[in-house]
S.K.: 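Got a structure for you, questions after.
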2 protein chains.
Amino acid sequence: MPLLERERQVLTTIVESYIADAAPVGSRTVAKKSGLNLSPASIRNIMADLTEQGYLEQPHASAGRIPSARAFRLYINEVMRLRPLAESQKNRIATLLGAAGPELGDILRQVSRILSGHSLQVSLVIAPRHADARWKRIEFTLIKPGLVMAILILQGGMVLDRLLETSPDITADDLVASANYLNHLFGEMTVSEVRAKLLAELRKAESQFGELYRRALTLAAEAFAPESTRELFVDGTANIVNQPEFSDVGRMGELLRVLENRTKLLELLDKSMDEFKTVFILGEESQLESFRDFGSISTPYGPGDHPLGALGVIGPVRMDYARLAPVLNYTARVLTKMLDRRF
Amino acid sequence: MPLLERERQVLTTIVESYIADAAPVGSRTVAKKSGLNLSPASIRNIMADLTEQGYLEQPHASAGRIPSARAFRLYINEVMRLRPLAESQKNRIATLLGAAGPELGDILRQVSRILSGHSLQVSLVIAPRHADARWKRIEFTLIKPGLVMAILILQGGMVLDRLLETSPDITADDLVASANYLNHLFGEMTVSEVRAKLLAELRKAESQFGELYRRALTLAAEAFAPESTRELFVDGTANIVNQPEFSDVGRMGELLRVLENRTKLLELLDKSMDEFKTVFILGEESQLESFRDFGSISTPYGPGDHPLGALGVIGPVRMDYARLAPVLNYTARVLTKMLDRRF
DNA sequence: TCTGGCACTCTTGTGGCGAGAGTGCCAGAC
DNA sequence: GTCTGGCACTCTCGCCACAAGAGTGCCAGA
């Protein structure tokens, strides 16, 4: 059953007070802050109901209430108003990002630093997912007989390189021809489209084409085979020691362990890429036992038609989502523009 | 004045006991473990002397002694015997490293993971320093008029890429010619040698050479200009919560802050590269106030004639240096061989 | 020169106690 | 019926005192 208006208002007050103070909230405080003009005693009744419905939790009998993940979920979905960034803050973010080094890695690292600085949480930035980027050009370079460096240039200045072992009789000229052929065949497709097409072409080549094309396709297939680990930039781990929920070292260790589990972090961020919008994941929702006490926000970046990567922050369930989401969104927008400008 | 043999033996006992237990050591314990056949009372006298000389510290009047950084320095320089790795451990390291992905980044990340797993400390791996790597080949690719991607392939499979803005009338053929010229000029030199020579050539080009060569050199100069941030792989931060010295959250925050200061971490590791040997840095020796309570070990990797990068661990001053140094050395050796095999 | 003995210091753990915060429930007011 | 003031109850937290334990420094004697 849906919450009564009063109940919702009490819950909102509790959530916002808890976000601000990280301390259990008592009926007296709610009575004063809620604007409902009810006495603490009445508030207590409402709070008892909310507790029964799973929105509030009581650390112990005389300690006030703490909003549950469920309460945060309701707050995020139905109550929260995002607080737009001040112009001055936007300027600061844009300026800092402009000061990043020239390489893609430098830029993403800087984004990560900016986010952790502005959120005072741990920040995550995932490098563009190759599969969604457009192929610009491939080059093969003969290092020595039998060893070829394949270099794939993708949209946004991403460069993928892979060392390939080949038959020793492949010449530099063969490689140039192969590259030309492949560039012609695959130009401007996304990598995942290339992957699909590659399989089809390889089958065709078996029967129809000449040796050269078969070779070119084989090279490409090898260069593409295993998606290499996506790069992930993490910053701001030092921030968490300042948060009251991490005064307990054990809790801190849990977060550090989560942060070392790259696969799980990627999963968290990928969701925002798949849905192409800002995504909030709270505690249990992550399907990850060790994430129970944490929350995350993530936002995709990339041009309008398809996301390239995502950025996010991770912290205690009690985060100031209304303030942080706009920070992420704005940063993602600036980053997208920067990448766009590259090509 | 040098220590008496007895004093040194007592000190060694204390250091080793402290490394094992992380607890202050009392005279009774030393009397039992030292093998000196002295009573606790005599040991107490010796310990008083050592305290006076700055080798021991007393947390409070009745708590046993703790070895100072100075004591660890003495221990490392004059007493410690490195404990060679068991064959089984060597095998495990080699196997794990073999399971790394194909790209250079994958390999270094895996090294970092292996080190943190085997040391139970925080591990650091620094990517090869470009300056010391040999130039293999440069390629320029025209992305669109006025925008060129420069790709520099270095020894060991390192690939540097940089986006350059150029005059819009440069053609793809110009670029090929430039690359050929540069590859001819700089092949097999180290990057820092190239940098030096580049300056000289640029001056010559002003007066003597034609437009094309000037252009090639200018491109190269741009591609080389700012050394981009070196990549640094950190792993095992979750390990530190298990160490007694970090039961205090503040201490932990200090370490996390150090770990986010990439410049300082690079300085720590660079020392082992400059001296081309394993280096131990203890507390104050780092010239870094916030490093007072920590220690580090680092080892260079790379072929015999010049180091490419370094790897290390960082943890409390009380680390098992005798066990960890061989782990680092062996890992560095395996890594060097892997890079060598690439080219 | 070494050792046993002894007084002294400091930490750590425990239990008791009071203050403070917050709750739940009830009887009465509106 | 709904709201409220009052009250008893519970639990945490800080404080204090106290005892046990670990370790020291020093001294007198072997």
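Chain letters run A, B, ... following the sequence lines, proteins first, then strands; residues in each count from 1.
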S.K.: Over how many whole Å does the gap from B:I43 atom CD1 to C:dC2 atom P extend?
M.R.: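 Spelled out: CD1 on B:I43 to P on C:dC2 is 10 Å.
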S.K.: Starting at atom CD of B:Q58, determine the distance to atom P of D:dG25, rounded to an integer number of angstrom.
M.R.: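 B:Q58 atom CD is separated from D:dG25 atom P by 6 Å.
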S.K.: When the distance from CE of B:M47 to P of C:dC2 is rounded to whole Å, what number comes out?
M.R.: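 The distance from CE of B:M47 to P of C:dC2 comes to 16 Å, rounded to the nearest Å.
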S.K.: What's the CG-P distance between A:L36 and D:dT4, to the nearest Å?
M.R.: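 It works out to 10 Å between those atoms.
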S.K.: Between B:A41 and B:G64, which is nearer to the 5' end of DNA chain D once each is assigned its nearest nucleotide?
M.R.: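 Looking at DNA chain D, the more 5' nearest nucleotide goes with B:G64.
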S.K.: Would you say the side-chain atoms of B:Q121 and B:Q243 include a donor-acceptor pair closer than 3.5 Å?
M.R.: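 Indeed, the side chains of B:Q121 and B:Q243 share at least one donor-acceptor pair under 3.5 Å.
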S.K.: Give the rounded distance in Å between these two atoms: CG of A:N45 and P of C:dG22.
M.R.: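 My rounded result for the distance is 17 Å.
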S.K.: Using only heavy-atom distances, determine whether the side chains of A:Q89 and A:Y330 contain a donor-acceptor pair under 3.5 Å.
M.R.: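 The answer is no; no qualifying pair exists.
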S.K.: Return no unless some side-chain N or O of B:R65 is found under 4.0 Å from OP1 or OP2 of D:dG25.
M.R.: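 Result: yes.
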S.K.: Return the orientation label for the A:F246 and A:F294 ring planes: parallel under 30°, perpendicular over 60°, tilted otherwise.
M.R.: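 The rings of A:F246 and A:F294 lie parallel, inter-plane angle below 30°.
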S.K.: Rounded at 0.5 Å granularity, tell me how far OG in B:S298 sits from CD in B:E275.
M.R.: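 It comes to 9.0 Å.
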S.K.: With pairs taken as Watson-Crick or G-U wobble and both distances under 3.5 angstrom, which stems of at least three consecutive pairs involve DNA chain D?
M.R.: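 Stems for DNA chain D, defined as runs of 3 or more consecutive pairs: C:1-30 with D:1-30.
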S.K.: Any Lys/Arg nitrogen of B:R292 or B:E284 sitting under 4.0 Å from an Asp/Glu carboxylate oxygen of the other?
M.R.: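 Result for this pair is no, no salt bridge flagged.
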S.K.: Going by atom types alone, do B:S272 and B:T299 pair a side-chain donor with an acceptor below 3.5 Å?
M.R.: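 There is no such pair between these side chains.
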S.K.: Between D:dA30 atom P and B:L38 atom CG, what is the distance in whole Å?
M.R.: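 From B:L38 CG to D:dA30 P: 20 Å.
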S.K.: Whole angstrom is fine here: how far is it from CZ in B:R28 over to P in D:dT24?
M.R.: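 The answer, rounded to whole Å, is 11 Å.
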S.K.: Could you check if a side-chain atom of B:V327 sits within less than 4.5 angstrom of a side-chain atom of B:L115, using non-hydrogen atoms only?
M.R.: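 With C-beta onward as the side chain, the pair touches.
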S.K.: State whether B:Y55 and B:R70 meet the cation-pi test: NZ (Lys) or CZ (Arg) under 6.0 Å from the six-membered ring centroid, and within 45° of the perpendicular axis.
M.R.: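 Here B:R70 passes the 6.0 Å and 45° test against B:Y55.
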S.K.: In whole Å, I'd like the distance from the CG atom of A:L56 to the P atom of C:dG22.
M.R.: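 Atom CG in A:L56 sits about 14 Å away from atom P in C:dG22.
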S.K.: Does B:R6 put a side-chain nitrogen or oxygen below 4.0 Å from OP1 or OP2 of C:dC2?
M.R.: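 So the side-chain polar atoms of B:R6 do come within 4.0 Å of the phosphate oxygens OP1 or OP2 of C:dC2, strictly under.
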S.K.: With a 4.0 Å cut-off, would you call B:R109 and B:D235 a salt bridge?
M.R.: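 Salt bridge absent between B:R109 and B:D235.
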S.K.: For nucleotides 7-13 of chain D, list the nitrogen or oxygen atoms of the protein found under 3.5 Å from its nitrogen or oxygen atoms, one pair per line.
M.R.:
unit_1: D:dC11; atom_1: O2; unit_2: A:S62; atom_2: OG; d: 3.0

